[in-house]
Number of protein chains: 2
Amino acid sequence: MIQTTSEENYLKTIFHHAGISNNAVTTNDIAASLGTKAASVTEMLKKLSAQKLIRYKKYNGVTLTDSGTKQALLIVRKHRLWEYFLVEKLKFSWDEIHEVAEQLEHIQSETLVERLDSFLEHPRFDPHGDPIPDKKGLIKKSDSQKLIDVTEKKEAIVNLVTDQPELLRYLSKIGISIGSKLKVMEKNSFDQSMLLLINGKNKVLISSSIANNISVQL
Amino acid sequence: MIQTTSEENYLKTIFHHAGISNNAVTTNDIAASLGTKAASVTEMLKKLSAQKLIRYKKYNGVTLTDSGTKQALLIVRKHRLWEYFLVEKLKFSWDEIHEVAEQLEHIQSETLVERLDSFLEHPRFDPHGDPIPDKKGLIKKSDSQKLIDVTEKKEAIVNLVTDQPELLRYLSKIGISIGSKLKVMEKNSFDQSMLLLINGKNKVLISSSIANNISVQL
DNA sequence: ATATAAATTTAGGCAAACCTAAAAAATAAT
DNA sequence: ATTATTTTTTAGGTTTGCCTAAATTTATAT
């Protein structure tokens, strides 16, 4: 059940592209992320599929199975723990850590990960603010935060909206309600407006005052 | 100038077999250590030779070049620093560390090694008591110790012998003088006698009273 | 010194993970 | 709806690091 480094990288990439809602991911997207060619991706998808880590149907993109998701989350856990270690203990700045963590995340030793976690006193977020899954691959729900504070490229789920009927009406019109999945596509620094992708479908631009009134969790 | 993991393992193995005095190492010995077959070793020796990391002449064994030795020492440095980390910080017992350190030593990042070294406050010996080379690949000479205290399988260089003329005569007869390279082949626990390999050539058994009067450094 | 044994190298193959180029399927555009 | 475009897959190739079996070289033993 141990994956090769390459298989792990594919799982991780699929996981990151699929987002929380485990959307189907395309061959080309994977190739682009990994810097490989589509043909190589197809080959690997067959291998991962044979291991039941992904659901793969020709020409149809892939989704992670539960088992695949768990594997991916454990790799993410390792990656983020090492990032935390590099910043907190070795005093790396957080733009130096990615390359090294990419290597460290593939070290195979459950003991190592758990001892590292203890040594670091069970951090819940990595230096980029991303949550660190626990040893079972579960991400503890983060406390909710204002949408306006969500970083670019992050996905979040709508949690609460203030009960101003006018705002609620507007939000429902553009397709935002509790439980909606939002991805922050762009944040415009001059006016704090945000371009959102709603439920993976529609793009909408919202003003900072609206973003300020939507509460989400990652 | 960056090696593959496999190349690094070959260099390290050659280094460990060659000992301080850089003796020629045989194809079969390398194969046995690495759990590969002789044919695979031959193949790799050609690659390392092409990179001028070893001197290789068919049927003649190999020795490390200066460049190869330096590479090997840097890998050893990483290995031992990680071992120290695992024991001192992550509370591994020292029989659990080898497998993990074997993986960690191949992480490619000079910055990582140097920051780790600082974080650990520049340890000079790993948990097995082996010296940790510095960033230039130099092993600081350890303080001299009595031959009787040297661990089995370790190599040491004769440093000082007490000036008892009788002892000196005896030692010179069996081929031991200042600068001789000794490898401790066996230590007999019942009488503390030691079987030594002198300068990689002759085997000699010495009693504990003699071993007690020879000072060496690793 | 010659035969036997052991060590080493060569030759030919295999699996993993990549590639290019061509074929097939799905999507988009007129 | 049919063509054009894009995406994906298939069909060979390449490289790295390993393998087995056979050939060669070196070492050992009578």
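Hydrogens, waters and symmetry mates play no part in the numbers below; they use all other heavy atoms, side chains included. Chain A is the first sequence line, chain B the second, and so forth, proteins listed ahead of strands; every chain is numbered from 1.
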task: Walking along DNA chain D from 5' to 3', note the first and the last nucleotide with an atom under 4.0 Å from a heavy atom of chain A, and give both.
output: D:dT7 to D:dT10
Once you round it to whole Å, what is the distance between [atom2] of [N] and [atom1] of [X]?
| X | N | atom1 | atom2 | result |
| --- | --- | --- | --- | --- |
| A:Glu7 | C:dC18 | CD | C1' | 14 Å |
| A:Glu8 | C:dA17 | CD | C1' | 15 Å |
| B:Lys46 | C:dT9 | NZ | P | 8 Å |
| A:Gln3 | C:dA16 | CD | P | 13 Å |

task: Have a look at A:Thr42 and say if it touches a base, only the backbone sugar-phosphate, or nothing, with a 4.0 Å heavy-atom cut-off.
output: base
message: Heavy atoms only, 4.0 Å cut-off, all strands: where does B:Ser6 land among base, sugar-phosphate and nothing?
response: sugar-phosphate
- prompt: Can you name the side-chain hydrogen bond (donor to acceptor under 3.5 Å, both in side chains) partners of A:Glu96, sequence neighbours left out?
  reply: A:Ser93, B:Arg115
Partner set under side-chain hydrogen bond (donor to acceptor under 3.5 Å, both in side chains) for B:His79, not counting sequence neighbours: B:Glu83, B:Glu105
query: Does any pair with a residue in residues 28-42 of chain B pass salt bridge (Lys or Arg N to Asp or Glu O under 4.0 Å), and if so which ones, sequence neighbours excluded?
result: none
Show the atom names and distances, to 0.1 Å, of all donor-acceptor pairs under 3.5 Å that link a side chain in residues 65-72 of chain A to residues at least two apart or in another chain.
unit_1  : atom_1 : unit_2  : atom_2 : d
A:Thr65 : OG1    : A:Lys52 : O      : 2.8
A:Thr65 : OG1    : A:Leu53 : O      : 3.1
A:Thr65 : OG1    : A:Ser67 : N      : 3.4
A:Thr65 : OG1    : A:Gly68 : N      : 3.0
A:Thr69 : OG1    : A:Thr65 : O      : 2.9

message: Between B:Asp191 and B:Ser193, is there a side-chain donor-acceptor contact under 3.5 Å, judged purely by atom types and distance?
response: yes
field: Selection: residues 50-62 of chain B, any non-hydrogen atom under 4.0 Å of DNA chain C
entry: B:Tyr56, B:Lys58, B:Tyr59
message: Which is more 5' along DNA chain C, the nucleotide nearest B:Thr26 or the one nearest A:Glu43? Just name the residue.
response: B:Thr26
statement: Partner of A:His106 under side chain to side chain donor-acceptor pair (under 3.5 Å), picked from A:Lys12, A:Glu8, A:Gln3, is A:Glu8
statement: Paired with B:Asp117, the salt bridge (Lys or Arg N to Asp or Glu O under 4.0 Å) test is passed by just one of B:Lys78, B:Lys135, B:Arg77, namely B:Arg77
task: Tell me, with the steps shown, if B:Glu186 and B:Met194 meet side-chain contact (heavy atoms from CB on, under 4.5 Å).
output: CA-CA 6 Å; B:Glu186 287 173 32; B:Met194 289 176 137; over 6 Å; no
